Amino acid sequence: MKVRLGYVAMSSMLQDCSPSKTVTASNLVKIDSQEARYSRLLSLARENLHNTMRLFLHNQAHDVKVFRLTSKLIPLATHPLAEDWNWYDQLQEQLASLGEYARKNGFRLSAHPDHYTLLNSPRDEVIAASLRDLEYHHQIFQAMKMDSSAKLVIHVGGSYKNKKESVQRFKENFALMPADIRSQIVLENDDKIFTVADVLDLCYQMNIPMVLDIHHHWCNNQGDNISDYFADIISTWKQEPFPPKVHVSSPRNKKNIRAHADYVDVEFFMSFINQIRDYNTDIDIMIEAKQKDGALFQLMNDLKKVRSIKILDEASILVG
DNA sequence: ACCTGTCAAGTCTGG
DNA sequence: CCAGACTTGACAGGT
């Protein structure tokens, strides 16, 4: 089975290459004319897209095919201050060339709308804001001309003191989402509320692929053994062009187990690989570590010493 | 050049 | 009922 490694949003190796530059709302309102505000936002966005292309070139040069785009590509895109800013038309060309490069090189791209995107909130305004945020992410991929294999990874949401009702609300609100957005959404187990078992159940009912986060499972598992779920998690991806996706990170330390460590521990990584190798399925692993691509390449280097695997290129391995 | 408090957004906890 | 934590990179304003 082939295992490809990827990383999140930004490089710790490239200097001055942030794809997430922004301006604060309070600073933007200091600019008097609407036109000048939008032009400030536009130039930041262009810089972010330019740096994203640099990241793509860097990734391609080092065989990294799995990558998550930052949610901050277009500054304040869903903020009321930018409501009438037509970023889509202005950036369409630049986004299209990113998409073209990504497809040409077989990149697997995703995005991870942040924790404010909650499809199971009981509050209408939260649902509306969440839909806006999902539409924003969807538009980015649309401008890049990517299909629904470019996924939006989200969590189920809050517990609102009643998990059962909260899951029910997720199902109802998810069903109300536009179909093109629905087909892009995948669900991930979280580190506090919805376990692998919870999310897997929901994914089966709603026909949604499931991203397994091994670190979150470690924090939130109700005593479940993860290997009992591998077969079912894998099969949620069977209709998809890409193999199952797994998030891997090491806990920062004993005191702060939910935070991500700088690097991924090779023993920790291999203990997961050794559990899943019997299932003989290709997988893509998103390395979630503070050192980003630095952590990915460090892990690849550490893996050279592991005899039971074969190094295929700078960012993928073969597990026998 | 470097440091620190703050940031658009929601939920949950603890006082 | 309200303030603060949660998590994160980057800004903004200070030294």
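These numbers were taken from a predicted model, which means no experiment stands behind them.
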ask   = Going 5' to 3' on DNA chain C, which nucleotide is the first and which the last to come under 4.0 Å of a heavy atom in chain A?
value = C:dC6 to C:dG13

task = Mark this stacking check for A:Tyr116 against B:dA9 as yes or no, applying ring centres under 5.5 Å and ring planes under 30°.
result = yes

inquiry  = Mind checking if A:Ala25 touches a base, just sugar-phosphate, or nothing, with heavy atoms under 4.0 Å?
reply    = sugar-phosphate

task = Report the distance from atom CD of A:Glu83 to atom C1' of B:dA8, rounded to the nearest whole Å.
result = 13 Å

Spacing between A:Glu125 atom CD and B:dT11 atom P, to the nearest angstrom = 9 Å

inquiry  = Does A:Lys21 reach a base, just sugar-phosphate, or nothing at all? Heavy atoms under 4.0 Å.
reply    = sugar-phosphate

ask   = Would a line drawn from the ring center of A:His215 to the ring center of A:His247 be shorter than 6.0 Å?
value = no

inquiry  = Rounded to whole Å, how long is the line connecting atom CG of A:Asn162 with atom P of B:dC12?
reply    = 11 Å

ask   = What integer number of Å spans the C1' atoms of B:dA1 and C:dT8?
value = 23 Å

query = Within this structure, what is the NE2-to-C1' distance between A:His79 and B:dG10, rounded to whole angstrom?
reply = 15 Å

query = Expressed in angstrom and rounded to an integer, what is the separation of A:Ile154 atom CD1 from B:dG10 atom P?
reply = 16 Å

task = Give the rounded distance in Å between these two atoms: NZ of A:Lys72 and C1' of B:dA9.
result = 11 Å

inquiry  = A side-chain contact here means heavy atoms from C-beta on lying under 4.5 Å apart; do A:Phe141 and A:Leu152 qualify?
reply    = yes

message = Need one value for A:Asp114: base, sugar-phosphate or nothing, where a base atom within 4.0 Å counts as base even if backbone is also close, heavy atoms only.
response = base

Base paired to C:dC1 (Watson-Crick or G-U; both N/O distances under 3.5 angstrom) = B:dG15

key: Interatomic distance where CG belongs to A:Leu118 and C1' belongs to B:dC12 [whole Å]   = 12 Å

inquiry  = My understanding is that a pair needs two contacts under 3.5 Å, Watson-Crick or G-U wobble. By that rule, which nucleotide pairs with C:dT7?
reply    = none

task = Identify whether any heavy atom of A:Thr78 sits under 4.0 Å from a base atom; if not, whether one sits that close to sugar-phosphate; answer base, sugar-phosphate or nothing.
result = base

query = When you compare B:dG10 with C:dC11, how far apart are their C1' atoms, in angstrom units rounded to a whole number?
reply = 22 Å

ask   = What integer number of Å spans the P atoms of B:dA8 and C:dG13?
value = 12 Å

inquiry  = If the cut-off is 4.0 Å, is A:Arg123 near the phosphate of B:dT11, judged by side-chain N/O to OP1 or OP2?
reply    = yes

remark   = When rounded to whole Å, the CD1 to C1' distance for the pair A:Ile193 and B:dC12 reads 8 Å

task = Report yes if a side-chain nitrogen or oxygen of A:Ser26 is closer than 4.0 Å to either non-bridging phosphate oxygen (OP1 or OP2) of B:dT6; otherwise report no.
result = no

request  = Please state whether the rings of A:Phe56 and A:Tyr101 are parallel, tilted or perpendicular, taking 30° and 60° as the class boundaries.
outcome  = parallel

inquiry  = Surrounding CD of A:Glu125 (heavy atoms of other residues, nucleotides or ligands, distance under 6.0 Å), is the total greater than 12?
reply    = yes

inquiry  = Does the structure place the NZ or CZ of A:Arg40 under 6.0 Å from the centre of the six-membered ring of A:Trp85, at an angle of no more than 45° from the ring's axis?
reply    = no

query = Is the A:His155 to A:His216 ring centre distance short of 6.0 Å?
reply = yes

query = Does CG belonging to A:Asp32 count more than 12 external heavy atoms closer than 6.0 Å?
reply = no

task = Provide the distance between the two P atoms, one in C:dT7 and one in B:dG14, to the nearest whole Å.
result = 14 Å

Salt bridge flag under 4.0 Å for residues A:Lys245 and A:Asp284 = no

key: Opposite nucleotide pairing with B:dA8, Watson-Crick or G-U, both atom distances under 3.5 Å   = none

message = Once you apply a heavy-atom cut-off of 4.0 Å, does A:Thr117 come out as touching a base, just sugar-phosphate, or nothing?
response = nothing

task = Decide whether A:Ser12 and A:Asp293 meet the rule of one side-chain donor and one side-chain acceptor closer than 3.5 Å.
result = yes

key: Rounded C1' spacing from B:dG5 to C:dG4 in Å   = 15 Å

